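To start, the structure itself, in structure tokens.
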Amino acid sequence: MSKKKDNEEMDEIDEAIEAIFKVYDEDKNGTLDADEAKVFFDELFALVGDSIPPDAHPVIIEQIDANGDGQLSKDELKVIMTEALFKNM
């Protein structure tokens, strides 16, 4: 993949993260707390015709939450989205 294509993909990830936070960060504090993240992941999985068992939400959040504060930041979400994007290329 070219450097230009990589930059375009990263710009798309940044735009997607901004859109996610605009919709799901209800208290507008710049992070997704457990309840906000649950709604996001439920709707994301529903888009692909899947669902998440309720007991899986804390595990997913813990795997993404690099600093262990129980909330998902834009940077933490960007890491997982970037890994997923480049893993599938």
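Note that the structure is a prediction, hence the values are computed from the model and not measured. Side chains are part of it too, since the values below use all heavy atoms of this structure and drop only hydrogens, waters and symmetry mates.
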Would you name the heavy atoms of Ala37 and Leu32 that are closest together and state the gap between them? N-CB, 4.1 Å
Identify the heavy atoms of Glu76 and Ala66 that sit nearest to each other, and give their distance. OE2-N, 3.0 Å
Does Lys28 NZ have over 12 foreign heavy atoms under 6.0 Å away? yes
Can you tell me how far the CD atom of Glu9 sits from the CE atom of Met81, to the nearest 0.5 Å? 11.0 Å
Sidechain-backbone polar pair: Lys78 side chain, Ser73 backbone, donor-acceptor under 3.5 Å: no
Please confirm whether the backbone N or O of Asn29 pairs with a side-chain atom of Asp25, one donor and one acceptor, at under 3.5 Å? yes
With a 4.5 Å limit on heavy-atom distance, are the side chains of Gln71 and Asp65 in contact? no
What distance separates Ile20 CD1 from Ile13 CD1, expressed to the nearest 0.5 Å? 10.0 Å
Listed once per pair and sorted, the ring-ring contact (aromatic ring centres under 6.0 Å, His included) pairs that draw on residues 9-55, sequence neighbours left out: Tyr24-Phe40
Which pairs count as salt bridge (charged side-chain N to carboxylate O under 4.0 Å, His left out) when at least one residue sits in residues 31-47, sequence neighbours excluded? Lys38-Asp42
Please determine whether residues Val59 and Leu44 belong to a single hydrophobic cluster, defined as Ile, Leu, Val, Met, Phe, Trp and Tyr linked transitively by side-chain heavy-atom distances below 4.5 Å. no
Over all atoms of both residues, closest heavy-atom pair of Ala56 and Ile52: CB-CG2, 3.5 Å
Consider side-chain contact (heavy atoms from CB on, under 4.5 Å). Of Ile80, Ile61, Thr31, Ile60, which one does Leu72 pass it with? Ile61
